[in-house]
Participant: 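If you scroll down you'll find the structure; I have some questions about it.
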Protein chains: 2
Amino acid sequence: MTTAQETERAADSALSNPSAVGLVAVIVAATDGEPRALTVQVGGQARGRSDGLPAGPLVPEHPTLERGLRAWVERQTHQRLGYVEQLYTFGDRDRQGDDGGGLHSLSVAYLALVRELRPAGLAEAAWRNWYHYLPWEDWRAGRPDSLGEIEAKLLAWAEGTGDPKQRRRREDRLGLTFGLCGGAWNEERVLERYELLFEAGLIPEAQGQSGEARDADLTVTGQPMALDHRRVLATAIGRLRGKIKYRPVVFELMPPTFTLFQLQRTVEALSGTNLHKQNFRRLVAQQGLVEETDGVTSGATGRPARLVRFRREVLLERPAPGFRLRPARRPT
Amino acid sequence: MTTAQETERAADSALSNPSAVGLVAVIVAATDGEPRALTVQVGGQARGRSDGLPAGPLVPEHPTLERGLRAWVERQTHQRLGYVEQLYTFGDRDRQGDDGGGLHSLSVAYLALVRELRPAGLAEAAWRNWYHYLPWEDWRAGRPDSLGEIEAKLLAWAEGTGDPKQRRRREDRLGLTFGLCGGAWNEERVLERYELLFEAGLIPEAQGQSGEARDADLTVTGQPMALDHRRVLATAIGRLRGKIKYRPVVFELMPPTFTLFQLQRTVEALSGTNLHKQNFRRLVAQQGLVEETDGVTSGATGRPARLVRFRREVLLERPAPGFRLRPARRPT
DNA sequence: GGCACAATGCTCAGTTTGAGCATAAGTGAG
DNA sequence: CTCACTTATGCTCAAACTGAGCATTGTGCC
């Protein structure tokens, strides 16, 4: 190492305060057309435990953050991680539970996609449908009923400001994120929606009562999670919904061979919208994302479907292979 | 705070090791049709100093990481930050200068866009054209000459493996990132290209000689930077190139009013490619990204151009306003 | 065989793109 | 004052892409 570097590193270190740093992982699978995240039970015995995401320490033995995460998750959950990407680094005060100490606490969050859905390794771990935590994000069966109540509360929150300027701004945000006031629903704005609900006081975690939730809320504002883990989950979903449009990451969730309709169901599960079947197939075919095998499905009702597999070569051919998601008006 | 939460937090902290955490900022401006990043001089007197990005400690006084960054940058550089987004968190071993200690060192990197280009505040700070550090990324004047030499070296590196399987994989990566072997150039893969060059040993920083570089290299593999700052810069450029396609972030770099051609030049500067002028205007008009003012340019040669301003309302209207960049074959 | 059901094939009008031609409105030289 | 030159802006046109829906093909079941 050169002298210049040593000096630089010293200066760098001198400037930094030590902080507590942890990892959080959103481990995603999709089976039976449902998007699932791996959750664990966290919290003590008092006031009940609550769902959380797998989280742990930064393991210094590993050469890179990502490799450390892989090793840690694979050991803990016996899941083989396919695709891994860094999501976001959450700071202490962004999170709740600000204890006022001078020590910052960071969480480096990762998104991981796994192909198979094993019984979830850890005793306390479980695969949960992610819309359990964010029910308003699932538009596959049409606009969720719960959105009516949510919107009413959000509008009340927007009205509840004295300052007309701030009120205007709040209404704009509602339009932008929830499609109120003439805006359109954009399935990628998962995090923005969550944060708006948080600000509007509709998220129990905001009041520091993470373990608690009246049953009524569960279907409207969803199941709470420990700490800021729902925010992390929202970040993951938003990122994934964006990514499938220009990268073939969905295939990380599929078995080796699958039918085009299963693929469509998975994409729909992630994006929370329905797609036009024929056009979806056309898109997949045009992009050359899959190649046929000689297998077909059997047993189910209806005409058997051809089994296909991911065509790895697209990675080398197309600049941005993925699915542009145009939601279908009609159910199918 | 509930008991459950306290327990959770305690568990969380117990799991975490203290680490040294710092911030790094890529502060971007665009003036005269050139993309610029704010750089500082780092390093001691021996072996010369080298360019680096503004970096500093995590400041615990601030409620969120982003706000802390804003305050810190604005105090240091007297730049008013417009758009700010978190880029990536770089771990110690990803970086160079692994000192083997058990203490992890993280850098949380941010991307910031600033509108005006002041004389750069700090004495040691300077605005530098970012292609100075990554010259192969600038295709505005056609394919950079230096790419010839780079490709030759990369191919040699790929050939240089005994294992034919690994060699195949390396060639695939070359095709994917540099458009060799029949691939196409994708302007977003800035980081992947940098990392490939790094692995291939074409980046002086890799050998821990950051301050050193033969003059010949400067035009071929670019000016080195301290530590892993070039990697951070590459991450920023890649992110920005992606973002302008679906978010109107370019306007954060523009003065209050500007001409369509200035806008085009800025987009071209960021993306490193040329665009078809008439189609660019059509796109901007269709998307309703700007509105006319009644000003026009004067003094310059040629027909005066109408001055326009950013139409903030698009943020509320369009789902993903931005520029889809279709490079023009011909210069204009 | 006939029916229900899902898979797959195909059409068609309306947009969006890529590329280029044509015209307008200034400046500076002669 | 006019011409040459330069940049801005308007407009066209074929090709490709989209959104939507109709039609046909295989299977299991009665």
Side-chain angles (χ1 to χ4, degrees), chain A residues 32-33 184 245-246 257-268 271 273-309 318-332, chain B residues 32-33 184 245-246 257-268 271 273-309 318-332:
Chain A
D32 308 323
K245 291 179 188 164
Y246 59 94
T257 70
F258 47 88
T259 70
L260 287 177
F261 195 54
Q262 284 166 357
L263 181 64
Q264 182 182 344
R265 280 284 181 244
T266 305
V267 173
E268 289 174 337
S271 72
T273 60
N274 284 317
L275 304 173
H276 181 161
K277 191 155 152 180
Q278 293 93 320
N279 290 348
F280 179 81
R281 323 180 111 248
R282 178 172 63 186
L283 184 68
V284 176
Q286 266 179 359
Q287 303 238 66
L289 288 169
V290 302
E291 58 194 1
E292 298 196 341
T293 70
D294 31 63
V296 287
T297 55
S298 64
T301 170
R303 175 174 170 178
R306 171 117 322 205
L307 288 169
V308 298
R309 75 167 75 90
R318 300 219 132 231
F323 304 92
R324 303 185 218 87
L325 309 176
R326 324 281 165 163
R329 293 287 153 74
R330 305 287 192 74
T332 208
Chain B
D32 309 323
K245 291 180 189 165
Y246 59 96
T257 69
F258 48 87
T259 70
L260 288 177
F261 195 54
Q262 283 165 0
L263 181 64
Q264 182 182 344
R265 282 283 182 244
T266 305
V267 173
E268 289 174 337
S271 73
T273 60
N274 284 316
L275 305 172
H276 180 140
K277 191 157 154 180
Q278 293 95 319
N279 291 347
F280 178 82
R281 322 179 111 248
R282 178 172 63 186
L283 184 68
V284 176
Q286 267 178 359
Q287 305 238 68
L289 288 169
V290 302
E291 60 195 359
E292 298 198 341
T293 69
D294 30 63
V296 288
T297 54
S298 64
T301 169
R303 174 173 170 177
R306 171 113 303 169
L307 288 170
V308 298
R309 75 167 76 88
R318 299 220 132 229
F323 306 92
R324 302 186 218 88
L325 308 175
R326 324 283 167 163
R329 293 287 153 72
R330 305 286 193 75
T332 208

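Because only heavy atoms are used, hydrogens play no part in the values below, and waters and symmetry mates are left out as well, while side chains stay in. Numbers restart at 1 for each chain; the letters A, B, ... are given by sequence-line order, proteins then strands. Just so it is clear, the structure is predicted and the values come from calculations on it, not from any experiment.
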Participant: Quick one: B:Asn274 CG to C:dA19 C1', roughly how many Å, whole number?
Facilitator: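 So the two atoms are 15 Å apart, to the nearest Å.
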
Participant: Output the distance between atom CZ (B:Phe261) and atom CD (B:Glu268), rounded to the nearest 0.5 Å.
Facilitator: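 If I round to the nearest 0.5 Å, the distance is 6.5 Å.
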
Participant: Please give, in whole Å, the distance from D:dT27 C1' to A:Arg306 CZ?
Facilitator: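 Going from CZ in A:Arg306 over to C1' in D:dT27 covers 14 Å.
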
Participant: Over how many whole Å does the gap from B:Arg303 atom CZ to C:dA25 atom C1' extend?
Facilitator: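 B:Arg303 atom CZ is separated from C:dA25 atom C1' by 5 Å.
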
Participant: Rounding to a whole Å, what distance do you find between B:Gln286:CD and C:dT17:C1'?
Facilitator: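 To the nearest whole Å, that distance equals 9 Å.
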
Participant: Let me know the distance between NE2 of A:His276 and P of C:dA7, rounded to the nearest Å.
Facilitator: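 To the nearest whole Å, that distance equals 13 Å.
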
Participant: How long is the straight-line distance from CG of A:Leu307 back to CD of A:Glu292, given to the nearest 0.5 Å?
Facilitator: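 Going from the CD atom of A:Glu292 to the CG atom of A:Leu307 covers 10.0 Å.
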
Participant: Pick the closest DNA chain D nucleotide for A:Pro304 and for B:Thr297 by heavy atoms, then say which residue is nearer the 5' end.
Facilitator: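 Its nearest nucleotide lies further toward 5', so the answer is B:Thr297.
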
Participant: Rounded to the nearest 0.5 Å, how far apart are CZ of B:Arg265 and CG of B:Asn274?
Facilitator: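 Nearest 0.5 Å value for the CZ-CG distance: 6.5 Å.
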
Participant: Please tell me if the side chains of A:Leu263 and A:Phe280 come closer than 4.5 Å, counting only heavy atoms from C-beta onward.
Facilitator: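 A side-chain contact under 4.5 Å exists here.
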
Participant: Grab the N/O contacts between the protein and nucleotides 10-15 of chain D below 3.5 Å, and write none if there aren't any.
Facilitator:
{"unit_1": "D:dG10", "atom_1": "O6", "unit_2": "B:Gln278", "atom_2": "NE2", "d": "3.3"}

Participant: CZ of A:Phe258 versus C1' of C:dA7: gap in Å, rounded?
Facilitator: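 Between C1' of C:dA7 and CZ of A:Phe258: 16 Å.
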
Participant: Need to verify one output field. Residue with the more 5' nearest nucleotide on DNA chain C, B:Gly302 or A:Leu307?
Facilitator: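 Closer to the 5' end of DNA chain C: A:Leu307.
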
Participant: Rounded to the nearest 0.5 Å, what separation is found between the CG atom of B:Leu260 and the NZ atom of B:Lys277?
Facilitator: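 Taking CG in B:Leu260 and NZ in B:Lys277, the distance rounds to 10.0 Å.
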
Participant: Are any non-hydrogen side-chain atoms of A:Val308 and A:Thr257 less than 4.5 angstrom apart?
Facilitator: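 A side-chain contact is absent here, since even the closest heavy-atom pair is not under 4.5 Å.
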
Participant: Expressed in angstrom and rounded to an integer, what is the separation of A:Leu283 atom CG from D:dA16 atom C1'?
Facilitator: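 Rounded to the whole Å, the gap is 14 Å.
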
Participant: Would you say a side-chain N or O of A:Lys277 is under 4.0 Å from OP1 or OP2 of C:dA7?
Facilitator: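 Checking A:Lys277 against C:dA7: at least one side-chain N or O falls below 4.0 Å of OP1 or OP2.
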
